[in-house]
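The structure under discussion appears below in the form of structure tokens.
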2 protein chains.
Amino acid sequence: MKSIASTSDKILDIAQSLIVAGGYNGFSYADISAAIGIRKASIHHHFPTKAELVAVLVERYFKQAQAGLQSLREQAASPADQLHFYVNYWHTCIRDASQPFCVCAMLAGEMQMLPDEVASRVRAHFQGLAAWLTLVLQAGVEQGQFRLDKRPEEQAQMLMASVHGAMLSARALGDPGLFIAVVAPEISRLRVPAR
Amino acid sequence: MKSIASTSDKILDIAQSLIVAGGYNGFSYADISAAIGIRKASIHHHFPTKAELVAVLVERYFKQAQAGLQSLREQAASPADQLHFYVNYWHTCIRDASQPFCVCAMLAGEMQMLPDEVASRVRAHFQGLAAWLTLVLQAGVEQGQFRLDKRPEEQAQMLMASVHGAMLSARALGDPGLFIAVVAPEISRLRVPAR
DNA sequence: GATTGCCTGCCTACTAGTAGGTAGATAGCA
DNA sequence: TGCTATCTACCTACTAGTAGGCAGGCAATC
């Protein structure tokens, strides 16, 4: 079960943290090389081109995210809890600076100049996240936990925008607490008043 | 009144559109050079370093934004109208792709690796925008136009996040209409119900 | 059981091209 | 004259990517 990370996994890990810090054009093979103590050419052995590296990276991120969200829906007690766990995941990441930004949110900003194979995967992540949020909101309405002003799909888009915007504000203003301060009220207003 | 744009203005204009497209690391002096038909070295005459160019650019953007928001507060009839005009400005920019993203939102993502003189100005823009939104919301409450769940400063942060997140979603999903679909309901829910 | 050949992972050494930036000449203008 | 804006020509450092080699593992063959 416990296995040491393969070189290609290490490359992806480092690349991911570099992208989170500075985007697609914000890192080079030389940066990765220095970070994991391997020659530049060896990275090309695993990932022939930068576009391919990032495409694989986003694909991996997409799958991890989908799996995580899926298991959240299976395990967390209620739709409200599912939402709570989701935002809390990011709250923790941002607070301890382990991954203070979503890779896909980062790349979404650079969409216009991303290689196609990367751009399409970033788009897929946004669609997947919106779909998950829609399902959770729908379930919450059915169970009488949420009351929405708008259709679940629209409310999901609003929530997703709120999360990504809050990440941006937290980063711009250098205030990790801002993330939860923005997102928490956005969620709690969906809940039907306790009686 | 009508004056042809100076070379340094043209440089800033092009640089701004390039940053909007690809961020700080997404453009080079060569790109600007090609776009306005001037040699690379001539750009260095106007802006010795890239960091300085972008710092001046963000400063200019900050001042333009502040001036625009200020005059909006003086001219627009009501706080609700002021908010309406603000989001409509971006709605138009995004729809006709003239400036489909806020420079500072773009740069905020790259905050960690931005030169200090740029980062501080990006932060200033976020603070300025939040302050403006706070003032508008406060005025709206005083005039009985808005009813807020939270303190105006918090509500302003939520609104700002929503706007930036909506820009990101619109870009990621390639759907300009998504911006207003997300932001409009976020604003209309602040208004007290008509009676 | 040794030999053969292939595969993986990494290496050194290199390429062409681009990055930001500089030095110094020139042309026009006050 | 001196200033401003531009130019040509160049620099160094770095970019993504390539060529070719080499050590070790694995597996089929003799």
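Atom set for the values below is all heavy atoms of this structure, side chains included, hydrogens, waters and symmetry mates excluded.
Contacts of residues 29-40 of chain B with DNA chain D (heavy atom under 4.0 Å): B:I38, B:R39.
Note: NE2 (B:H44) to P (D:dT6) measures 14 Å, nearest angstrom. Rounded to a whole Å, the CZ atom of A:F47 is 19 Å from the C1' atom of D:dT15.
Residue pairs that meet the side-chain hydrogen bond (donor to acceptor under 3.5 Å, both in side chains) test with at least one member in residues 29-57 of chain B, sequence neighbours left out, are B:S28-B:D31. Listed by first and then second residue, the side-chain hydrogen bond (donor to acceptor under 3.5 Å, both in side chains) pairs involving residues 60-76 of chain A are A:D13-A:R60, A:Q16-A:R60, A:Q70-A:E74 (not counting sequence neighbours). Sorted by first then second residue, the side-chain hydrogen bond (donor to acceptor under 3.5 Å, both in side chains) pairs that include residues 85-103 of chain A, not counting sequence neighbours, are A:D96-A:S98.
Taking only side-chain nitrogens and oxygens, B:H45 never comes nearer than 4.0 Å to OP1 or OP2 of C:dG21. Side-chain nitrogen and oxygen atoms of B:T7 include at least one within less than 4.0 Å of the OP1 or OP2 phosphate oxygen of D:dT6. Look at B:H46 and you'll find a side-chain N or O under 4.0 angstrom from OP1 or OP2 of D:dT6.
When the side chain to side chain donor-acceptor pair (under 3.5 Å) test is applied to A:Q155, no partner is found at least two apart in sequence or on another chain. In this structure A:R123 satisfies the side chain to side chain donor-acceptor pair (under 3.5 Å) test with no other residue, sequence neighbours excluded.
The residue among A:S42 and B:P48 whose nearest nucleotide of DNA chain C lies closer to the 5′ end is A:S42.
Using a 4.0 Å heavy-atom cutoff across all strands shown, A:F27 reaches sugar-phosphate atoms only and no base atom.
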Show me the donor-acceptor pairs within less than 3.5 Å that the side chains of residues 105-119 of chain A make with the rest of the protein, sequence neighbours left out.
unit_1: A:E110; atom_1: OE1; unit_2: A:Y24; atom_2: N; d: 2.8
unit_1: A:E110; atom_1: OE2; unit_2: A:Y24; atom_2: N; d: 3.4

Which pairs would a plain distance check flag for residues 135-146 of chain A, meaning a side-chain donor or acceptor within less than 3.5 Å of a matching protein atom at least two apart in sequence or in another chain?
unit_1: A:Q145; atom_1: OE1; unit_2: A:A80; atom_2: N; d: 3.4
unit_1: A:Q145; atom_1: NE2; unit_2: A:S78; atom_2: OG; d: 3.0

In B/S/- notation, 5' to 3', how is nucleotides 24-30 of chain C contacted by protein heavy atoms closer than 4.0 Å? -------
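At distances below 3.5 Å, at least one donor-acceptor pair connects side-chain atoms of A:T134 with backbone N or O atoms of A:A130.
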